[in-house]
Novice: 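My questions all concern the structure below.
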Amino acid sequence: QHQTISYRAQYLQLLVQQLLKHQAELLYLLNLEAAKTLEDALGEWREAIDLCQYYAQQAQLLQSTQSLPHITGEENLLTLVPRGVFLCISPWNFPLAIFIGQIAAAVVTGNTVIAKPANDTPLIAQRVLDLWLEAGLPKNIVQLVFANSHDLGDILFKHELLAGVVFTGSTATAQHINQTLAARQGAIIPLIAETGGLNAMI
């Protein structure tokens, strides 16, 4: 949280280097776990790299202090600050790009992350985090948890330190998360949800 924006953006660039270096291994895991064709796996790998580079660039623009319109004698400055701990829940059908994209956006803006990958694609998630840690990501920034999303309700969704949730998956699960968060006492926290995606077509 106390690191500069450009310093945090370097974490994403470190991950990009690892994605480039370990391309063949990651494409294999996408084929093994998510049944991706080589073409689809390659497209998702490229998207993961694009997301890291885009978020690194945008964070530096958005998180710089901006002067707002003001009247004489006033100075209005807009400064965006980290929120805290984000829970990132990613789907099985984009286990590399969406998994990385959710986490990268939270990390580069100064937050810490609890990442819950899809139950069907744990190897990809674990390997990506291992590669990122090897490249220099501090160990206390991202933590992996493997569990059913509904089982997390009483443990994580209601935890007082939770500052936000990012979710991609089914509409039904998003509604469950939304209702659980709405029942929390205290400050309202954001839920960023992308729902209703398609399965593979055969």
Novice: Under 4.5 Å between side-chain heavy atoms, counting indirect links through other Ile/Leu/Val/Met/Phe/Trp/Tyr residues: same cluster for Ile89 and Ile103 or not?
Specialist: no
Novice: Could you tell me whether the side chain of Val113 reaches within less than 4.5 Å of the side chain of Ile141, counting heavy atoms only?
Specialist: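 Not touching, per the 4.5 Å side-chain cut-off.
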Novice: Answer yes or no: are there more than 12 heavy-atom neighbours, outside Glu74 itself, under 6.0 Å from its atom CD?
Specialist: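 Check passes, neighbour count above 12.
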Novice: Which residue, Val108, Ile5, Thr79, forms the side-chain contact (heavy atoms from CB on, under 4.5 Å) with Gln63?
Specialist: Ile5
Novice: Check whether Leu29 and Ile49 end up in the same hydrophobic cluster, where Ile, Leu, Val, Met, Phe, Trp and Tyr are linked by side-chain heavy atoms less than 4.5 Å apart.
Specialist: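 Yes, same cluster.
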Novice: Quick check: do Ile177 and Leu191 have side-chain heavy atoms less than 4.5 Å from each other?
Specialist: yes
Novice: Where do Arg184 and Phe157 come nearest, in terms of heavy atoms and distance?
Specialist: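 Taking every non-hydrogen atom into account, NH1-O, 2.9 Å.
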Novice: In terms of hydrophobic clustering (I, L, V, M, F, W, Y; side-chain heavy atoms under 4.5 Å; direct or indirect links), are Leu129 and Leu30 co-clustered?
Specialist: yes
Novice: How about Ile100 and Cys52: do any of their side-chain heavy atoms sit closer than 4.5 Å?
Specialist: yes
Novice: So which atom in Thr180 and which in Lys158 form the shortest heavy-atom distance, rounded to 0.1 Å?
Specialist: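 Looking at all heavy atoms of both residues, the closest pair is CG2-CE, 4.0 Å.
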Novice: For the pair Val165 and Ile192, evaluate side-chain contact (heavy atoms from CB on, under 4.5 Å) and give the outcome as yes or no after the intermediate values.
Specialist: CA-CA 6 Å; Val165 178; Ile192 304 167; over 6 Å; no
Novice: Side chains of Trp45 and Asp40: does their closest heavy-atom pair fall under 4.5 Å?
Specialist: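 Result no, sub-4.5 Å side-chain heavy-atom pair not found.
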Novice: Where the side chain of Glu44 meets the backbone of Ala97, is there a donor-acceptor pair that is under 3.5 Å apart?
Specialist: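 Checking the backbone N and O of Ala97 against the side chain of Glu44, a donor-acceptor pair under 3.5 Å is found.
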Novice: Shortest non-hydrogen contact from Leu14 to Ala135?
Specialist: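 Shortest heavy-atom separation between Leu14 and Ala135 comes out as CD1-O, 3.3 Å.
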Novice: Can you check whether Leu19's main-chain N or O pairs, donor with acceptor, with Gln23's side chain at less than 3.5 Å?
Specialist: no
Novice: Indicate if Ile155 and Leu162 have the same hydrophobic cluster label, given that clusters are the connected sets of ILVMFWY residues with side-chain heavy-atom separations under 4.5 angstrom.
Specialist: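 Yes: a chain of side-chain contacts under 4.5 Å links Ile155 to Leu162.
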Novice: Using the side-chain contact (heavy atoms from CB on, under 4.5 Å) rule, take Phe99 and Ile124 through it: C-alpha gap first, then chi angles, then the decisive distance, then the call.
Specialist: CA-CA 9 Å; Phe99 173 76; Ile124 296 170; 5.8 Å; no
Novice: Quick one: does any side-chain atom of His22 pair with a main-chain N or O of Leu20 as donor and acceptor, under 3.5 Å?
Specialist: no
Novice: With rounding to the nearest 0.5 angstrom, report the OG1 to CG distance, Thr173 to Asn178.
Specialist: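 Separation between the atoms: 12.5 Å.
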Novice: Quick one: pull up CG in Leu161 and CG in Leu87 and give me the separation to the nearest 0.5 Å.
Specialist: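 Rounded to the nearest 0.5 Å, the CG-CG separation comes out at 13.0 Å.
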Novice: Output the distance between atom CG (Leu68) and atom OG1 (Thr65), rounded to the nearest 0.5 Å.
Specialist: 10.5 Å
Novice: Do the non-hydrogen side-chain atoms of Thr168 and Thr195 ever get within less than 4.5 Å of each other?
Specialist: no
Novice: Contact between Ile189 and Leu181 at the side-chain level, heavy atoms closer than 4.5 Å - yes or no?
Specialist: yes
Novice: Under the 6.0 Å and 45° cation-pi test, does Lys116 pair with Phe167?
Specialist: no
Novice: Please walk me through it: do Glu75 and Ser67 pass side chain to side chain donor-acceptor pair (under 3.5 Å)?
Specialist: CA-CA 8 Å; Glu75 185 178 24; Ser67 178; 5.8 Å; no
Novice: Does Arg127 come within less than 4.0 Å of Glu33, counting only side-chain N to carboxylate O?
Specialist: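 No.
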Novice: Can Val16 be reached from Val107 by stepping across I, L, V, M, F, W or Y side chains whose heavy atoms are under 4.5 Å apart?
Specialist: yes
Novice: Which heavy-atom pair separates Pro190 from Phe86 by the least distance, and what is that distance?
Specialist: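 Nearest pair, atom of Pro190 first, then Phe86: CG-CZ, 4.5 Å.
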Novice: Going through the distances and angles, do Val128 and Leu26 end up as a side-chain contact (heavy atoms from CB on, under 4.5 Å)?
Specialist: CA-CA 8 Å; Val128 166; Leu26 294 170; 4.3 Å; yes
Novice: Is it the case that more than 12 heavy atoms not belonging to Leu78 sit under 6.0 Å from its CG atom?
Specialist: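 Counting neighbours around CG of Leu78, more than 12 heavy atoms of other residues, nucleotides or ligands fall under 6.0 Å, so yes.
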Novice: Give the C-alpha distance, both sets of side-chain angles, the deciding distance and a yes or no for side-chain contact (heavy atoms from CB on, under 4.5 Å) between Leu42 and Lys36.
Specialist: CA-CA 9 Å; Leu42 187 59; Lys36 295 266 181 177; over 6 Å; no
Novice: Distance from Leu61 atom CG to Gln57 atom CD, nearest 0.5 Å?
Specialist: 6.0 Å
Novice: I'd like to check Ile114 versus Val85 (side-chain heavy atoms, cut-off strictly below 4.5 Å). Are they in contact?
Specialist: yes
Novice: Looking at CD of Gln10 and OH of Tyr7, how far apart are the two atoms once the value is rounded to the nearest 0.5 Å?
Specialist: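 One finds 7.0 Å between CD of Gln10 and OH of Tyr7.
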Novice: With rounding to the nearest 0.5 Å, note down the distance linking CZ in Arg8 to CG in Leu137.
Specialist: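 The CG atom of Leu137 is 12.5 Å from CZ of Arg8, to the nearest 0.5 Å.
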Novice: Side-chain contact, heavy-atom cut-off 4.5 Å: Gln66 with Leu77?
Specialist: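 The answer is no, as the side chains (C-beta and beyond) never meet within the 4.5 Å cut-off.
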Novice: I need the minimum non-hydrogen distance between Gly84 and Asn111, along with the two atoms involved.
Specialist: N-OD1, 2.9 Å
Novice: Check Lys139 against Leu133 and note the closest heavy-atom contact, atom names and distance.
Specialist: CA-CD2, 3.9 Å
Novice: Taking atom OH of Tyr54 as the centre, report whether more than 12 heavy atoms of other residues, nucleotides or ligands fall under 6.0 Å from it.
Specialist: no
